[in-house]
Number of protein chains: 2
Amino acid sequence: MSVAVENFVKAIYKNDNNDTNNTKPGNIAKKLGISNAAATDMAKKLAVKKLLHYKKYQPLQLTKEGEKMALNVVRKHRLWEAFLYKTFDMSLHDIHREAELLEHETSDFLANKISDYLGNPKFDPHGDPIPNANGEITTTDTSMALSETQEGKSYVISRLMSDDKEFFDFCASNGIKYGNTISVNKQLTKNRMTQISINNNSILLNEDFTNIIYVNKTE
Amino acid sequence: MSVAVENFVKAIYKNDNNDTNNTKPGNIAKKLGISNAAATDMAKKLAVKKLLHYKKYQPLQLTKEGEKMALNVVRKHRLWEAFLYKTFDMSLHDIHREAELLEHETSDFLANKISDYLGNPKFDPHGDPIPNANGEITTTDTSMALSETQEGKSYVISRLMSDDKEFFDFCASNGIKYGNTISVNKQLTKNRMTQISINNNSILLNEDFTNIIYVNKTE
DNA sequence: ATTAAAATTTAAGTATACTTAAATATTTTT
DNA sequence: AAAAATATTTAAGTATACTTAAATTTTAAT
């Protein structure tokens, strides 16, 4: 299947995970940087190919087959990220940018080689789960957004849900990294901001960031 | 530039190296598995883009810019081959097949990372030279085809010029590998065959193989 | 030097993946 | 509940990269 098709089903899969009813043609078009008309067009074509269910004016829903394709692309993306991060010590943003291209030109054979080489990891360097060769995500996610955490408690960063270079640059220069521990000092509910401590530095984060930084309670 | 364009200039570059006057649209079409008409079509378009010189019924000739593009793709191809061979211990045919896809989706940035990681190698696992980041091939080739060698002498295998799975499988199961030493026992000139010894085994090769196995004299 | 064979080119047409503009339906606001 | 705003769909059109079929040119054979 083509790059355009792979990106289309991937976009639906990801938008669906974030927020249901977020998979209308317009949402997907925005994500992919194409016109709404192009998204509707593609949706109709993929419905014929049984990759998704299409009903006028309704959100797009992947079929089993469509989801399988999306998970296969996501698997390759996250394996590449993990591999490039480990092997070449590239930044979170750089690995994302390269994986975005490589994911479409990677055979299942090579994906499995990469996975074996890495010891079949369950998470990529952003903390996103890596589907296995059958497209299954077996790990249960107990993490919460930083915006949902309690004052005075400590948490371990488990996921950085973003594609954005500025965000990753900010994270890199502030020690916000998968596996690191942070303390929540204040939840400024009214202003939707959170004050945290990390590496003895105090940082104030607004909701743009506290909604995409996921953490787990410390044991 | 698109995958089709990259493959087109690469095909001209490679055919030109093998045999001049081997770059007519028909030759390129055959190599790429497209119709002659499609090749002519593409040639005209790329002439407008100043990637090659096109004159009706004449061989296609890359411009400086076209050659630069070809060398950049070749560089990425051979770097991937070297990298996959080393990292995942894949066969000569497998690395070629994967590199054929990855070469088009690899940034210059990543190519340089791979090159550095490998210690900026000058040859890939087939013995093909790897152009540097400026598209230069600095190594001088003193090798000759196995068909040109002298009876009774020993040689070191320096290059396996093929894309063919059957050939690589044959090589793998007979110890014919970049860097290995072979002795030439007999040149059966009349039948265009060569009898060699490798690892204490005697093998008879016909010209299909002796023309694509390149060797260097032993010091 | 003709003729036959082969290759190249031209012409017309197709599929994919888009675009913009207009029409239609849905959602939100008042 | 009607009007306004927004989103979706339809329609028409474009660029890329092909295809087959026919016309033309070149190359090879006699």
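Each chain gets a letter, A, B and so on, in the order its sequence line appears, and its residues count up from 1. This one's a predicted model, so the numbers in the text were calculated from it and none came from an experiment.
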Would you give me the side-chain donor-acceptor pairs under 3.5 Å for residues 111-118 of chain A, sequence neighbours excluded?
unit_1, atom_1, unit_2, atom_2, d
A/Asn112, OD1, A/Arg75, NH2, 2.7
A/Asn112, ND2, A/Asp108, O, 3.4
A/Ser115, OG, A/Asn120, OD1, 2.6

Mind listing the side-chain donor-acceptor pairs of residues 39-51 of chain A below 3.5 Å, one per line with the distance, residues two or more places apart or on another chain?
unit_1, atom_1, unit_2, atom_2, d
A/Thr40, OG1, A/Asn36, O, 3.3

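Every residue two or more places apart in sequence or in another chain that forms a side chain to side chain donor-acceptor pair (under 3.5 Å) with B/Gln150 is listed here: B/Lys153. Partners of A/Glu103 by salt bridge (charged side-chain N to carboxylate O under 4.0 Å, His left out), not counting sequence neighbours, listed by chain and number: A/Lys10. With sequence neighbours excluded, the residues satisfying side chain to side chain donor-acceptor pair (under 3.5 Å) with B/Asn7 are B/His104. With sequence neighbours left out, A/Phe167 forms a ring-ring contact (aromatic ring centres under 6.0 Å, His included) with A/Phe209.
Residue pairs satisfying the salt bridge (Lys or Arg N to Asp or Glu O under 4.0 Å) criterion with at least one member in residues 58-73 of chain B, sequence neighbours excluded, are absent.
At the phosphate of C/dA25, neither OP1 nor OP2 sits under 4.0 Å from any side-chain N or O atom of A/Lys24.
Regarding A/Lys55, its NZ atom lies at a distance of 16 Å from the P atom of C/dA25, rounded to whole Å. Taking atom CG of residue B/Asn27 and atom C1' of nucleotide C/dA7, one finds them 10 Å apart after rounding to whole Å. Going from atom CG of B/Asn22 over to atom C1' of D/dT27 covers 16 Å, rounded to whole Å.
Taking the charged nitrogens against the carboxylate oxygens, B/Arg97 and B/Asp163 have no contact shorter than 4.0 Å, which rules out a salt bridge.
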Polar atom pairs between nucleotides 15-19 of chain D and protein, under 3.5 Å, N or O only, would you list them?
unit_1, atom_1, unit_2, atom_2, d
D/dA17, OP1, B/Ser2, OG, 2.2
D/dT19, OP2, B/Ser35, N, 2.8
D/dT19, OP2, B/Ser35, OG, 2.7

Enumerate all atom pairs, one protein N or O and one N or O from nucleotides 23-25 of chain D, separated by less than 3.5 Å.
unit_1, atom_1, unit_2, atom_2, d
D/dT25, O4', B/Tyr57, OH, 3.1

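Note on B/Phe8: nothing from the nucleic acid sits closer than 4.0 angstrom, heavy atoms only.
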